[in-house]
Structure formats: C-alpha cells, structure tokens
Amino acid sequence: IDPPRRLAFTWRWDEDPSTEQLVELEFTDHGDRTTTVVLTNSGLPPQETGDYEDGWQKSFDNLEVALRS
C-alpha cells in the first residue's frame with residue numbers, strides 16, 4: 001500500500017491454491033474530482049484472461065454507478 005497512489009495484493013482461488021495472482025491498482029488524481037484507476041491482474045491462467053477482463057470491467061461499472069449515488 002502506498003496511499004494514495006497504489007494498492008497491491010495477492011490472492012488464490014480455493015480450488016487452485018498453487019496459483020497465486022497479483023492485483024495492482026494505481027490511482028492518478030486529476031484534481032477535478034476525477035481519478036484514473038489502472039488495474040493489473042497478473043498470474044492469470046492464459047485461457048481465462050478474457051473472463052477476468054469481463055469480471056473486472058463489470059466491477060468498475062458497478063463502482064461507477066455506486067459512486068454516482
């Protein structure tokens with residue numbers, strides 16, 4: 001954790017504890033109530049990359065809706 005610029009953590013699926021993934025979030029404050037968030041999820045099984053991309057995009061879409069409320 002490097003507030004307010006970076007958050008990184010590792011995690012594993014219960015079904016595959018041998019494969020550790022790294023999730024990194026980098027935040028860039030633009031000063032006008034706008035922040036760019038860059039998410040990098042490494043250590044993914046190659047055949048599942050698209051599934052993760054779709055899931056993370058839905059998470060960001062939901063976050064955007066929640067922050068508007």
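Contacts of T36 classified as side chain to side chain contact (heavy atoms under 4.5 Å, CB included), with partners at least two apart in sequence or in another chain: T28, H30, V38.
For D61 and S59, the side-chain atoms include no donor-acceptor pair closer than 3.5 Å.
Among all heavy-atom pairs drawn from A8 and E24, the shortest one is CB-CG, 4.0 Å. Scanning both residues, D29 and T34, for their nearest heavy atoms gives OD1-O, 3.7 Å.
Contact check on E26 versus R5 returns no salt bridge, with no Lys/Arg side-chain nitrogen under 4.0 Å from an Asp/Glu carboxylate oxygen. Residues D54 and K58 are paired through a salt bridge, judged by an N-O separation under 4.0 Å between the basic side chain and the carboxylate.
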Might you work through the side chain to side chain contact (heavy atoms under 4.5 Å, CB included) test for I1 and F9, ending with a clear yes or no? CA-CA 9 Å; I1 298 176; F9 58 92; over 6 Å; no
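Exactly one residue among W11, Y52, W56 makes a side chain to side chain donor-acceptor pair (under 3.5 Å) with N41. That residue is W56.
In this structure, W13 CH2 and Q21 CD are separated by 7.5 Å, a value rounded to the nearest 0.5 Å. For the atom pair L22 CG and L44 CG, the distance stands at 10.0 Å (nearest 0.5 Å).
More than 12 heavy atoms of other residues, nucleotides or ligands lie within 6.0 Å of CG in L67, so this atom counts as buried by the packing criterion. By the 6.0 Å contact criterion, CD on E53 is open, its count of non-hydrogen atoms from other residues, nucleotides or ligands being 12 or less.
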